[in-house]
Number of protein chains: 2
Amino acid sequence: MPEIETDSGAFAPPGGAPPAKIPKAVIKRLSRYSRVLQELELKGVEKASSRDLAEALGVNSAQVRKDLTYFGQFGIPGVGYYVRELRAQIKRILRTDREVRVALVGVGNLGSALMSYGGFQRQNFRIVAAFDSAPAKIGRMQNGAPVLDIARLQEELRSRAVDIVILATPGEAAQIVCDLTVKAGIKAILNFVPTRLTAPPDVAVHDVDLSIEMESLAFYLR
Amino acid sequence: MPEIETDSGAFAPPGGAPPAKIPKAVIKRLSRYSRVLQELELKGVEKASSRDLAEALGVNSAQVRKDLTYFGQFGIPGVGYYVRELRAQIKRILRTDREVRVALVGVGNLGSALMSYGGFQRQNFRIVAAFDSAPAKIGRMQNGAPVLDIARLQEELRSRAVDIVILATPGEAAQIVCDLTVKAGIKAILNFVPTRLTAPPDVAVHDVDLSIEMESLAFYLR
């Protein structure tokens, strides 16, 4: 199989700064491209065109090519992309080619569901610790991770080298926990609480809105 | 405030067929436009351009205009869109301007979390019943909805006029429940189980992948 020329070295300089000008939406599409490629790989498909990727995401082919151009030169004109190789490149760009260490705050129903969610582990995310304030929960193991006292959040996030924090607290606690998380030096927060959080510009906060998918489903009710 | 000319009557004919040629991705973007408009409305913003919407979604302005053209003529050249009006139009197109009746199958951690999730209610989705197979759960009320025996799924979905079914079962039960749901005449399924389901082409199945957002977050870890 011919090598696909890449320039991805530019995106993972050890300790380098994040490329500042890449739109957030492009990064989100990268992770969707990665899923489409994963499906194609599972089906034994070896090559894909920008059109194939575009159709799966509902954008146009030019958008796919433009998105990928931020990260280097992928694919071969007239041939397309090699599925397995492009997926590996994207995982490298996203930095999910290695284990990502995750902590979860709020071991309620949603938190517990997320701790046992098979989809994270499959994508190299490992929940290394959970935090709660309820004495009955603190100290036990859940899905292989210890439930720790929220009072120790800052020191534990540091000592356990946590990369990403998932927020699944009650709404009124979300901003307080967010602030503590930021103080602990965390730069990436996945927020499941339907509350808009305030965080410094160098901290990436992604809000997960579980009702978006449901809303678009309603369209098909006719 | 001037009236914005619309042709949305074409999309909600009583009992009419769904517009067949509208890409799924366009429908999903509609629901995202709706959220952006909701935020703008909360901030007191009255007008927005296609560029404003485009930037919020990470697509280009032409895409926004093209997406909306499927549903009629919105906005005024040189003025843009009236935020409140466009949002109302989109809700009407998506059919979330009225209450949508939802049933949930699988009252485990994730199911319980979804039942108490504030985000659904806020968008006019009402969970009217839940189903499980565990005798200890059946018969009780949870977040205002009865937990019913999964054995009665088909008849209860019909008699309670359910529009959308949420699947939050263990992986091995997902396809079986999906089949029963389809037999009960349900045309819209929101699948939280990380399993690919098979359903007839006239049934819309949306898979919620909770790890997509996490994956794009990993990019910011550098």
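All chains are named by letter (A, B, ...) in the order of the sequence lines, taking the proteins before the strands, and each is independently numbered beginning at 1. Heavy atoms only: backbone and side chains are in, while hydrogens, waters and symmetry mates are out.
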[X] [atom1] to [Y] [atom2] distance, which is reported to the nearest 0.5 Å:
| X | Y | atom1 | atom2 | value |
| --- | --- | --- | --- | --- |
| A:S211 | B:Y117 | OG | OH | 5.0 Å |
| B:I164 | A:L217 | CD1 | CG | 5.0 Å |
| B:M214 | A:L114 | CE | CG | 8.0 Å |
| B:E213 | A:L190 | CD | CG | 6.5 Å |
| B:E215 | A:I90 | CD | CD1 | 9.0 Å |

Using a cut-off of under 4.5 Å for heavy-atom pairs, which of [options] has the most such pairs with chain B?
| options | result |
| --- | --- |
| A:I166, A:D207, A:L94 | A:L94 |
| A:G111, A:A56, A:G108, A:A188 | A:A188 |
| A:G119, A:A113, A:S116 | A:A113 |

Count the heavy-atom pairs under 4.5 Å between each of [options] and chain A, then report the option with the highest count.
| options | value |
| --- | --- |
| B:R29, B:K28, B:M115 | B:K28 |
| B:R35, B:Q63, B:K24, B:E39 | B:R35 |
| B:G171, B:S112, B:A25, B:S34 | B:S112 |
| B:T96, B:L110, B:I212, B:V100 | B:I212 |
| B:K91, B:E55, B:R122 | B:R122 |
| B:I186, B:V59, B:I189 | B:I189 |

Under 4.5 Å heavy-atom distance to chain B, tell me which part of [X] shows up: side chain, backbone, both or neither.
| X | answer |
| --- | --- |
| A:L30 | neither |
| A:R98 | side chain |
| A:D209 | both |
| A:V208 | both |
| A:V102 | side chain |

Would you name the heavy atoms of B:F219 and A:I22 that are closest together and state the gap between them?
CZ-CD1, 4.2 Å
Using side-chain heavy atoms (C-beta onward) and a distance below 4.5 Å, is A:L210 in contact with B:L210?
yes
Per-residue contacts, residues 194-206 of chain A versus chain B, heavy atoms under 4.5 Å
A:P194, A:R196, A:A204, A:H206
Is it the case that the side chain of A:S216 and the backbone of B:I27 share a donor-acceptor pair, with hydrogens and angles ignored and the cut-off at 3.5 Å?
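No, because the side chain of A:S216 does not come within donor-acceptor range (under 3.5 Å) of the backbone of B:I27.
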Counting heavy atoms not belonging to A:R51, are there more than 12 under 6.0 Å from its CZ?
no
